[in-house]
Novice: 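Just dropping this structure here.
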Protein chains: 4
Amino acid sequence: MADDLVRGTEICADNIGADSLLAKGSQQLAKRLMEMRRYSLALSARLTAEDQCVQAMDDASPTKWHLAHTTWFFETFVLAPMASGYRICDDSFHYCFNSYYEAEGPRHPRPHRGLLTRPSYEQVQAYRAYVDEALEAFAASARAGEADAQALLEMGLNHEQQHQELLLTDILALFAANPLRPAYEDNGAADAQGKLQAQNGIAHTGDAVSWSLFEGGVFRAGHASQRYQEERGFAFDNEGPQHDALVQPFRLANALVTNGQWLAFMADGGYGDARQWLADGWALVKLEGWNAPLYWEQRVGQGGSQWMQMSLYGLRPVDPRAPVCHINYYEADAFARWAGKRLPTEFEWEYATSHVGYRRHENESVRFAPAPLRHHGVLAQMFGHVWQWTASAYLPYPGFRPAKGAVGEYNGKFMVNQHVLRGSSCVTSAGHARATYRNFFYPHQRWQFTGLRLAEDVL
Amino acid sequence: MADDLVRGTEICADNIGADSLLAKGSQQLAKRLMEMRRYSLALSARLTAEDQCVQAMDDASPTKWHLAHTTWFFETFVLAPMASGYRICDDSFHYCFNSYYEAEGPRHPRPHRGLLTRPSYEQVQAYRAYVDEALEAFAASARAGEADAQALLEMGLNHEQQHQELLLTDILALFAANPLRPAYEDNGAADAQGKLQAQNGIAHTGDAVSWSLFEGGVFRAGHASQRYQEERGFAFDNEGPQHDALVQPFRLANALVTNGQWLAFMADGGYGDARQWLADGWALVKLEGWNAPLYWEQRVGQGGSQWMQMSLYGLRPVDPRAPVCHINYYEADAFARWAGKRLPTEFEWEYATSHVGYRRHENESVRFAPAPLRHHGVLAQMFGHVWQWTASAYLPYPGFRPAKGAVGEYNGKFMVNQHVLRGSSCVTSAGHARATYRNFFYPHQRWQFTGLRLAEDVL
Amino acid sequence: MADDLVRGTEICADNIGADSLLAKGSQQLAKRLMEMRRYSLALSARLTAEDQCVQAMDDASPTKWHLAHTTWFFETFVLAPMASGYRICDDSFHYCFNSYYEAEGPRHPRPHRGLLTRPSYEQVQAYRAYVDEALEAFAASARAGEADAQALLEMGLNHEQQHQELLLTDILALFAANPLRPAYEDNGAADAQGKLQAQNGIAHTGDAVSWSLFEGGVFRAGHASQRYQEERGFAFDNEGPQHDALVQPFRLANALVTNGQWLAFMADGGYGDARQWLADGWALVKLEGWNAPLYWEQRVGQGGSQWMQMSLYGLRPVDPRAPVCHINYYEADAFARWAGKRLPTEFEWEYATSHVGYRRHENESVRFAPAPLRHHGVLAQMFGHVWQWTASAYLPYPGFRPAKGAVGEYNGKFMVNQHVLRGSSCVTSAGHARATYRNFFYPHQRWQFTGLRLAEDVL
Amino acid sequence: MADDLVRGTEICADNIGADSLLAKGSQQLAKRLMEMRRYSLALSARLTAEDQCVQAMDDASPTKWHLAHTTWFFETFVLAPMASGYRICDDSFHYCFNSYYEAEGPRHPRPHRGLLTRPSYEQVQAYRAYVDEALEAFAASARAGEADAQALLEMGLNHEQQHQELLLTDILALFAANPLRPAYEDNGAADAQGKLQAQNGIAHTGDAVSWSLFEGGVFRAGHASQRYQEERGFAFDNEGPQHDALVQPFRLANALVTNGQWLAFMADGGYGDARQWLADGWALVKLEGWNAPLYWEQRVGQGGSQWMQMSLYGLRPVDPRAPVCHINYYEADAFARWAGKRLPTEFEWEYATSHVGYRRHENESVRFAPAPLRHHGVLAQMFGHVWQWTASAYLPYPGFRPAKGAVGEYNGKFMVNQHVLRGSSCVTSAGHARATYRNFFYPHQRWQFTGLRLAEDVL
């Protein structure tokens, strides 16, 4: 399984920014689908049935639920309507594993997903096998080659990739709530590295920030393919329609903000200074007592106190060179204000990425946590480390129309109260990232692999 | 395992009201302890690791946690201080499995017990085996024969019996929250019986209530043994000191209130009539929309609607002859007021039980749900069906002093805001019931096996 | 108006314990009624229309609402059904000023009483005048001499006296929430006295506690008159039926617990020691951060910090000799445990009061705050300073039956989750106190004039 | 006073869109200031002291508090730092009447503003008089002519105008929570008109919507004056910097959505159809049971049921021709989706307004409620009826920098989680509206005078 994961990483590196996976006929699509499906199982294989059953909080879902829901998605939106002769695996799963599709009827409440000890782990495994068999056959059939089927198969593939990332973020949330602080993956080397960093202390706050300058102007923003077209690759509906957007001249930092820089913000009283914060954020700082990123904890030992960070590798010393992670929009915005800078808009981020061409991200030996910068350069770390908060609210692009029916609920109904994040993270699945990709979360949410990159005006 | 449970039932029948189990030397104590410990495992054996990991709500705990906490109790209060050479199994368990003992230091928050996917099911099994080995050896040792050790061993035994009942109430809560409505035990016969009842409809509301009359006066209430004394049997500290109490003349119903009678209360608009309710109860009726006992649900079919009841046997038609169960104090009090009667005080209940002598309760074929009355008689169903809400607040008896140290937190610190329940339920462990036993829950709580028996004044 | 209040005090002193006011014919009843009604106006006269309109929290009501509700009570339960030709003043007031009588239909939500800027202050004054005119005429009529009318008139009188006390407790809550800390009454002398005490510091914790011993046994508890009978005086229904009660031998402290003693509890870490607290109380200590009685605040000045207390006289230094006030049941219970004592039961309190005969309480120059002990003696300060928490839950006496109809909701429906307080406070209206009187509040409530007196077992 | 208000209306009509009030020397500024200050008093003059003291909910503030806070604003930001020899009126007011300026230190909690019965109504009147005297003198002084002083005086003037509108929205919230449904202004004519409409029933849903087409492109958005410059008129900092913005071709409805159209949405099940709603909005629909705009209530009479609307004129039948009012963003968005249209962006709204030139809005006889359309035309009702929700999140314009110091908190720190509204309402003060004005509220808020105008794409 370790092999699978390393390969996973390599695939990721190869395809980042490749404007999605282009299918060469349905045989290849079937192969890609099954590989993707196996990767979900590989991610869950190191977890016990108990680990897979529980959710740490309302926002998170159990591993088992992710595995079943993504299966239900293929069954409901592809197999049931399109695969002739397909029989629903188990009627009761429809209620259990519908996430939020109102058009599909009533469903198990989200905060109670962790109560579903039945269907059991074994039943969910069997559900996946049952659907995979039908899915593989369907994907190789003539019907799957038609445009609507292809679009839905690609959507199902990309949907499950999103849940692969959520599966990891949610397991981290669960393990961070466990007093034993278990590791999702034991990684001796990484640990040793972590300990090394710890000796260096927090004085090391990374190199000075370097910037890239962009002239701005009107450019074509968004993805050209609103519904899936084979030659253009897949994109979610919220990435289109492609349209003209205008950006003013701006500079974008060449690297992500690091833990070391964040420690400087903390040392300067950043979490205690109302002037740095949006009012809604400041109210939460006081209410919830934030004083560091999520998953950071201060351990006091002989040599003084040290900031530790819970991660998929377990509890490790904070590495000052690594990108800061697990911060929310309010924190990102406050840091930027404290630094005298600001967050980029989503259009600035996309414009810059498109103009420079994305750097193929470094081949990381560490996959389950963001890694320190290895090589300086223009717009390094755009993908593969942390999602980057932007100043843009998550709203529809001009002319946006969601698809008819239940799948139209996929993105459109969430277009309020959230902010766009761009790039991808260390736990984003291979081939899932794009320059036009729009991730989105609420400003208060911290449990995703989220960080920031600074921007500034050109005066 | 089915054998074990049937034997468990028989033991229960034999010992109810036997004023606890008298130990004949430490060999026998060791034997009793190990039998009791095995019974916990037998109760959990039909559950998956997933089932054992989750809690349905803050008030409930996971099966696995019950198994570990009771083990921690023996380790912390018996083995660690008294068994020479005993080594703590795992230091991290102290934080995980301390329930509410402030004197034992910080502990995992109760609402997060269901997040403990680690320690795993297997680790908890190993923890039990490790402690059981030491416990069996200790119980057979000379040290265990000393009064303080005996008292704590008996306390540990009775403590775990309480958790055996909680384990079952908490699994029912979990399965009732599951859309599949799984059964803890499949029981074809019981199911058939249930279906039979359903055909009878709700017209059958049981026989007319018959009453026993008691003259009252001053009597010795409570248990004579405040700390464990072998010749008197075990009692919890809250059952003493024994003291004079005064009761007025009263009548007590010879049988429990049935589902059929409860259906009549519902049909008469009982849940919609403010006059029947205490003000705090009425506020909750409106806020939470109560319209039937917990776990009842109305299913609409061809022949009209039918009330079903979720139980450890799964979802079954409500049997109008069985005692009503899973009602809280407000409901019990409202029913009594509607019926023109009242709840007995805990002293009336104890006085009556002591004077009549408890009936050996019928040898039930059904263990996991309260059963209909088989034989009419004086004070039938005092034990073994449902805990009976009393009008008495849970307060200390005159002269009550909790023990020193952490075990003093066992009962005393809960003596406010709760009401006393008397008797025992169908899921109370064998040998655990007593005429002086004081169970207690908050007036709003419904998930225990709780019902009522009516009383009335003699004017 | 100051005159009125002083006379009020004198009446109070004369009648405490006089087993209620005996009416000598209806002329006298009319006179007593109108005096009582004027006293409500006198209490409110020093407040602005704004002060009278607002409620500090859900538990409290606006002064204006108290004035109108008590008027509505006479109109609804006396004048409308009994006074021939009486016409309702304004139909809309029924919805606005019904407190909690379900039988009287829907009503304005309690937490929104403070939103009722209309009916205006002037309209409420006019409402009182309108009803008073009818009430005075009715009270002098033949119909008023019949038993049912007399009972309801007495009930209305006693009901309004309860609201007179609530009016003062609720104004204190309002003024304590005001950053200007306004005084309900400016009292230079009292202030000077307070300052004097402050110089004495907190070292002075009062004299050693002296105790009275009681043998206990069976005695007649409660009031003989369940419905009003002229020769026996008025009592609320919850004070009866009179019945035999049994108390064990006990000692009762001759004086109330003082602020000085409370400061010693605080200095000993009482608010930080879980062992002293009931579990429900301890949870609130941590949640709400209690570290002193309600209305205490620490002011830091040149000579160090000083505890101040908000009162109806404004913010004053805590007087270590005065009875501690504004503590809840959890605090009272924790203090008693810390002191190695306990709270008395309500029956012990009543037994002791009946046996000793209540001391006529000292003629206080200070009426709006509890005063230091002037003269030592047996069971001093039983009345007229602070309500005394008892260990007894508020439950019905044996044979209790509430009256038919809406007035039956007066007391009975609250008999759960609360504790009984005995005695009376410095703001209890003249003639309202009795040895059998049962006041009741929830264990967490602190805004009433509540304190404690210790008891202990005789071993 | 009625005169004042009518004049107020006329001033409003004259100046709408006049790009703010141009001062002709400081004499005129002083005159404008004093007129504006008197208008606040005129608005409050018909309210009792009680009405002025209370807040209906956390979002609303008491009238008295508005009067005092706006005074404190001038005192703190103008007089104290700039008027030589000015003495603070009362130090305690700083804590009471600071709204949200963290840089000005701790302040009275917003949800407790309604508890401030002191300082009294009279004290606040005196506070205003004291500050007005100093303000008038200062405004006429040489110092006031300097740029920084002028900017702050204009800001204080515009700030108080905002509170004039809030005063009216908050009084409506208070009166709507009052069971007597009092009217802020009794208006017989309006009432009669309302009754007339009621007879017409809900069949009349207004004329067909007519549209204006706009070509779009890059235009200069925002106000040219970021800090106050006399020749350009006043604008808030959030209206700048002026910058290029790009809009696609679009159509904008020539009239506001009416109550009649809203009734059609309701009749079509709009509040019960998840497909029409953003997910966050749908969750609130179900949680809070929305089924009509805020302040609508259904009254059942002889002739069937009728929708009534609480307004500043009291409770009146819903007029199907009047613009719908008191809806939140979720409702506006759902209506637009139901209608097959969308909300305009704030830039579309501003672009259209700038190109067409705003229509001088009709001289309404009704000021305290939005009025039906009188004359059809291009972009009617852009100002003076209801604020119009836009699809734009409230975010900083490119290059936005808040001012240094406390006044920098005025707008900037709220730029998250809210949506922009454009135009002005029937209760917006005269001269306060502008084409570049950006009002903002949270998507769930309904108590403002908020409605919508539809837009659609040009395909």
Novice: Heavy atoms under 4.5 Å from chain B: which residues of residues 88-101 of chain A carry them?
Specialist: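 If one takes a 4.5 Å heavy-atom cut-off, the residues of residues 88-101 of chain A near chain B are Ser92(A), Tyr95(A), Cys96(A).
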Novice: If you measure from CG on Asn178(A) to NE2 on His108(B), what distance do you get to the nearest 0.5 Å?
Specialist: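 Between atom CG of Asn178(A) and atom NE2 of His108(B) there are 7.0 Å.
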Novice: Could you check whether atom CD of Glu133(A) has more than 12 heavy atoms from other residues, nucleotides or ligands sitting under 6.0 Å from it?
Specialist: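 12 or below, so no.
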Novice: Which residues in residues 111-120 of chain A have any heavy atom closer than 4.5 Å to a heavy atom of chain B?
Specialist: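 Residues in range: Gly114(A), Leu115(A), Leu116(A), Thr117(A), Arg118(A), Pro119(A), Ser120(A).
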Novice: Select one option (side chain, backbone, both, neither) describing which atoms of Gln55(B) are under 4.5 Å from chain A's heavy atoms.
Specialist: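 Just its backbone gets close to chain A.
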Novice: Answer whether the closest heavy-atom distance between the side chains of Glu50(A) and Lys64(B) falls below 4.5 Å.
Specialist: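 The answer is yes; the side chains approach within 4.5 Å.
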